> 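Dropping the structure in here first, questions after.
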Amino acid sequence: MADSGCMTKQIDQAAVAHFAERLAYETDVSDVASDIGGGVTGWVLIDSRSQESWDQGHVPGAVHLPTREIAARAASVVPEGVGVVTYCWGPGCNGATRAALEFAKLGYPVKEMIGGFEYWTREGLPVETADGVDRRLPDPLTAPRGVACAC
């Protein structure tokens, strides 16, 4: 943004609305981890990836429900009116967005976990496989002070 030298402070209502809208429908891995660790209830974490991806590792406590199965199985997995948070691989994948859209079409309150499973693991958060739960070292570029960005 160029500075004309005489900028006055004005609230850009469109920007305020835009970012408020994003926060209404997005969450991040740190917030999800905090809610899980804090025992926050009333929502279900949905992993929308393939079976092979799920088997490689997933967020402990997540429910595996691939996007293509949401319309047929959502009601048997998530009680009506319960909030949903979806995740897929990561920022380079829009699978969580597509899964969130499917839940929204069914009338569920839904958010997308930005960063996805990639950033869950990069922040050193626990990962579950058939062998149990493991915690990997955080990537120092994503979690320089531990598992939270302190924002």
Side-chain angles (χ1 to χ4, degrees), residues 1 12 14-151:
M1 187 180 318
D12 181 342
V16 170
H18 168 77
F19 292 112
E21 184 85 2
R22 285 187 63 186
L23 289 172
Y25 299 105
E26 293 178 354
T27 189
D28 64 25
V29 296
S30 294
D31 290 339
V32 170
S34 177
D35 283 355
I36 291 170
V40 175
T41 60
W43 63 283
V44 176
L45 183 60
I46 299 291
D47 183 319
S48 64
R49 300 174 302 146
S50 68
Q51 184 66 50
E52 295 80 13
S53 299
W54 169 265
D55 292 345
Q56 260 188 311
H58 52 272
V59 176
V63 173
H64 184 229
L65 185 57
T67 301
R68 69 183 172 280
E69 298 175 20
I70 291 171
R73 294 187 44 222
S76 67
V77 175
V78 183
E80 186 177 329
V82 170
V84 174
V85 174
T86 63
Y87 76 87
C88 199
W89 272 113
C93 171
N94 68 1
T97 305
R98 287 184 275 128
L101 174 60
E102 290 303 310
F103 276 103
K105 287 178 183 177
L106 296 172
Y108 287 89
V110 62
K111 287 189 175 192
E112 176 183 358
M113 184 176 83
I114 60 172
F117 187 68
E118 176 187 349
Y119 275 77
W120 183 271
T121 59
R122 290 183 76 182
E123 290 192 18
L125 295 164
V127 173
E128 185 173 13
T129 67
D131 296 328
V133 176
D134 186 25
R135 194 171 197 131
R136 299 162 188 169
L137 290 176
D139 178 339
L141 294 176
T142 62
R145 290 180 231 110
V147 296
C149 65
C151 59

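All values below come from the heavy atoms of this structure, side chains included, with hydrogens, waters and symmetry mates left out. On a predicted model such as this, the values are computed, not experimentally measured, just so you know.
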> Between H58 and W120, does the side chain to side chain contact (heavy atoms under 4.5 Å, CB included) criterion hold? Intermediate values first, please.
CA-CA 9 Å; H58 52 272; W120 183 271; over 6 Å; no
> Between F103 and L65, is there a side-chain heavy-atom distance shorter than 4.5 Å?
yes
> Atom CD of residue position Q51 - does it have more than 12 heavy atoms of other residues, nucleotides or ligands inside 6.0 Å?
yes
> For R73, enumerate each residue passing the salt bridge (Lys or Arg N to Asp or Glu O under 4.0 Å) test, keeping only those at least two apart in sequence or located in another chain.
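Partners of R73 under the salt bridge (Lys or Arg N to Asp or Glu O under 4.0 Å) test: E69.
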> Should the pair F117 and W89 be assigned to parallel (<30°), tilted (30 to 60°) or perpendicular (>60°) ring geometry?
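The arrangement is perpendicular - the two ring planes meet at more than 60°.
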> Looking only at heavy atoms, which two atoms of G57 and R49 are closest? And how far apart?
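That closest heavy-atom pairing would be O-NH2, 2.6 Å.
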> Indicate the atoms forming the closest heavy-atom contact of S48 with A99, along with that distance.
CB-CB, 3.6 Å
> Under the side chain to side chain donor-acceptor pair (under 3.5 Å) rule, collect the residues that match up with R98, sequence neighbours excluded.
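R98 satisfies side chain to side chain donor-acceptor pair (under 3.5 Å) with N94 only.
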> What is the distance from atom CD1 of I114 to atom CD of E112, rounded to the nearest 0.5 Å?
8.0 Å
> So which atom in E118 and which in P91 form the shortest heavy-atom distance, rounded to 0.1 Å?
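Distance-wise, the nearest heavy atoms are OE1-CD, 3.5 Å.
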> Is R122 close enough and on-axis enough to Y119, meaning under 6.0 Å and within 45°, for cation-pi?
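Ring-cation test returns yes.
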> Do any pairs count as a salt bridge (Lys or Arg N to Asp or Glu O under 4.0 Å) and have a residue in residues 50-64, sequence neighbours left out, and if so which ones?
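Those involving residues 50-64 do not exist here.
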> Rounded to the nearest 0.5 Å, how far apart are CG of D31 and CD of E26?
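If I round to the nearest 0.5 Å, the distance is 11.5 Å.
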> May I ask you to test the L101-K105 pair for a side-chain heavy-atom distance under 4.5 Å?
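Side-chain contact under 4.5 Å: yes.
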> Is the shortest heavy-atom distance from the side chain of D134 to the side chain of R136 under 4.5 Å?
yes
> Please confirm whether the backbone N or O of V78 pairs with a side-chain atom of Y108, one donor and one acceptor, at under 3.5 Å?
yes
> Output the distance between atom NE2 (H18) and atom CG (L23), rounded to the nearest 0.5 Å.
9.5 Å
> How close do L125 and V29 get, counting heavy atoms only, and between which atoms?
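Heavy-atom minimum between the residues: CD1-O, 4.1 Å.
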> Is there a side-chain contact between I36 and L45 in this structure, where contact means two heavy atoms from C-beta onward sitting under 4.5 Å apart?
yes
> Search all heavy atoms of H64 against all heavy atoms of S50 and return the closest pair with its distance.
NE2-O, 3.4 Å
> Mind checking whether V32 and W43 have side chains closer than 4.5 Å, heavy atoms only?
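When only atoms from C-beta onward are counted, W43 and V32 do touch, with a gap below 4.5 Å.
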> Decide whether E123 and S30 meet the rule of one side-chain donor and one side-chain acceptor closer than 3.5 Å.
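Yes.
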> Testing the basics here: between D47 and A62, what is the closest heavy-atom pair and its distance to 0.1 Å?
CB-CB, 4.5 Å
